[in-house]
Novice: 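Mind having a look at this structure? Questions to follow.
Start at 1 and go down the list; that is how both ligands and their atoms are numbered.
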Amino acid sequence: MKKILWQELRRTEFEKAVKANAVVIIPVGSIEQHGNHLPINTDTNCCFTIAQRAAEAIDEFPVLVLPPVWTGYSPHHMKHPGSITLKYNTFVELLTQIATSVYAHGFKKILFLNGHGGNSAVIAAMRFKLTAEDGVTSVIGYDYWNLYPTPEVMETVSETDGGFIGHSGEMETSLQLYLQPELVDMDCAVWVPGVCGDPTVGSREKGERIVNAAVDALVKTLRDYHSGKLEDGLALWRPQFDAKLKDQFRFPRYNPEH
Ligand SMILES: [Zn+2]
């Protein structure tokens with residue numbers, strides 16, 4: 001039986017995975033308040049589940065998923081109960097030491113899959129930090145909701161939030177109604193301080209469509225990363241910018257018109 005969870009492998013199985021040029025996913029979540037209706041593990045649950053499903057879907061090379069980094073950078077949530085945050089430098093150092101440990105065992109392709117907006121800037125910078133300062137030859141990092149074409153699917157299913165991931169609003173409420181409905185209390189799904197977006201219009205069906213889109217996008221990204229195509233595309237110093245690259249760099253932009 002194919003194993004995808006890092007913690008289930010034995011020593012000899014790691015050696016085989018290294019020889020097969022496995023890609024290793026490090027899911028990075030958070031433990032933070034998600035309004036009155038969602039569990040505090042929402043972000044960790046979303047990125048870990050999407051990582052596992054993508055790894056399961058790939059048979060032509062091994063993909064291993066580390067146990068998720070269950071807490072992240074969430075100082076802005078600390079005024080609400082249950083939130084746990086790392087300090088900025090601790091968080092960066094934690095990610096550094098996990099990635100360099102993976103690399104030390106011979107794994108040459110490492111992908112951070114982020115599930116929390118407060119982590120995004122750090123995750124985006126880890127590629128440069130680890131390659132320039134820590135001797136890791138290759139690492140990439142993405143927010144699951146930014147993997148193309150997931151943003152377009154979110155925009156399509158969204159009734160109120162325009163597809164913006166927000167916080168405990170339409171998107172995340174939908175995701176949790178699909179992934180762990182037993183932990184959601186829709187009787188409490190109203191806007192309260194600490195919520196960004198409209199939780200009342202969340203639905204299981206929307207959540208399923210978003211998860212499927214993110215899994216498909218991650219599968220494609222993992223294949224392109226394994227084959228070398230993705231990194232070829234990331235080579236920015238070239239005379240002509242490859243227009244297709246813009247799909248790989250999708251960050252929310254502030255638009256004063258809206
Ligand atoms: Zn969240």
Side-chain angles (χ1 to χ4, degrees), residues 25-53 67-86 88 91 94-95 112-124 141-147 150-151 153-155 157-186 188-204 206-215 217-218 250-252:
I25 305 177
I26 306 173
V28 186
S30 73
I31 290 289
E32 65 189 26
Q33 68 84 25
H34 273 76
N36 292 339
H37 66 296
L38 296 182
I40 58 169
N41 77 337
T42 292
D43 299 348
T44 303
N45 169 260
C46 288
C47 67
F48 187 44
T49 307
I50 289 163
Q52 288 179 82
R53 291 192 185 184
V69 177
W70 58 266
T71 186
Y73 192 55
S74 306
H76 49 310
H77 292 283
M78 285 303 288
K79 58 176 170 284
H80 301 293
S83 306
I84 293 178
T85 189
L86 299 172
Y88 181 85
F91 181 48
L94 178 74
L95 298 181
F112 288 106
L113 187 70
N114 178 41
H116 164 50
N119 298 341
S120 297
V122 172
I123 293 293
Y142 297 98
D143 305 321
Y144 72 79
W145 60 88
N146 269 329
L147 282 170
T150 312
V153 173
M154 287 165 56
E155 209 173 320
V157 301
S158 177
E159 292 173 69
T160 57
D161 290 351
F164 179 51
I165 186 68
H167 186 77
S168 316
E170 183 179 5
M171 298 293 114
E172 282 191 324
T173 302
S174 298
L175 288 161
Q176 289 295 283
L177 283 170
Y178 172 54
L179 294 177
Q180 40 182 12
E182 68 283 4
L183 300 182
V184 180
D185 185 351
M186 285 306 279
C188 301
V190 293
W191 185 90
V192 290
V195 168
C196 173
D198 182 358
T200 64
V201 290
S203 77
R204 185 184 191 284
K206 289 178 194 169
E208 185 171 6
R209 287 178 64 184
I210 298 165
V211 168
N212 288 342
V215 170
L218 182 56
R250 291 176 68 97
F251 294 98

Novice: What protein atoms of element N, O or S are positioned under 2.8 Å from the Zn ion (ligand 1)?
Specialist: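 The answer, once waters are left aside, is His34 NE2, Asp43 OD1, Glu172 OE1, Glu172 OE2.
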
Novice: We want to know whether His116 and Ser74 form a side-chain donor-acceptor pair, criterion being a heavy-atom distance below 3.5 angstrom.
Specialist: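 Yes, side-chain donor-acceptor contact under 3.5 Å.
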
Novice: Answer yes if the side chains of Gln33 and Ser83 hold a donor-acceptor pair under 3.5 Å, and no otherwise.
Specialist: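 Side-chain D/A pair, Gln33 to Ser83: absent.
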
Novice: Would you please indicate if the ring centroids of Phe112 and Tyr142 are separated by under 6.0 Å?
Specialist: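 Centroid distance Phe112-Tyr142: not below 6.0 Å, so no.
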
Novice: Could you check whether Thr173 and His37, counting side-chain N and O atoms only, form a donor-acceptor pair closer than 3.5 Å?
Specialist: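 Per modelled atom types, His37 and Thr173 side chains form a pair under 3.5 Å.
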
Novice: Do Asn114 and Tyr144 touch side chain to side chain, with heavy atoms closer than 4.5 Å?
Specialist: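 Sidechains of Tyr144 and Asn114: no contact.
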
Novice: Go through it in stages, so that I can follow the logic: the residues are Asp43 and Glu172, the test is side-chain contact (heavy atoms from CB on, under 4.5 Å), and I'd like the CA-CA distance, side-chain angles, deciding distance and then a yes or no.
Specialist: CA-CA 9 Å; Asp43 299 348; Glu172 282 191 324; 2.9 Å; yes

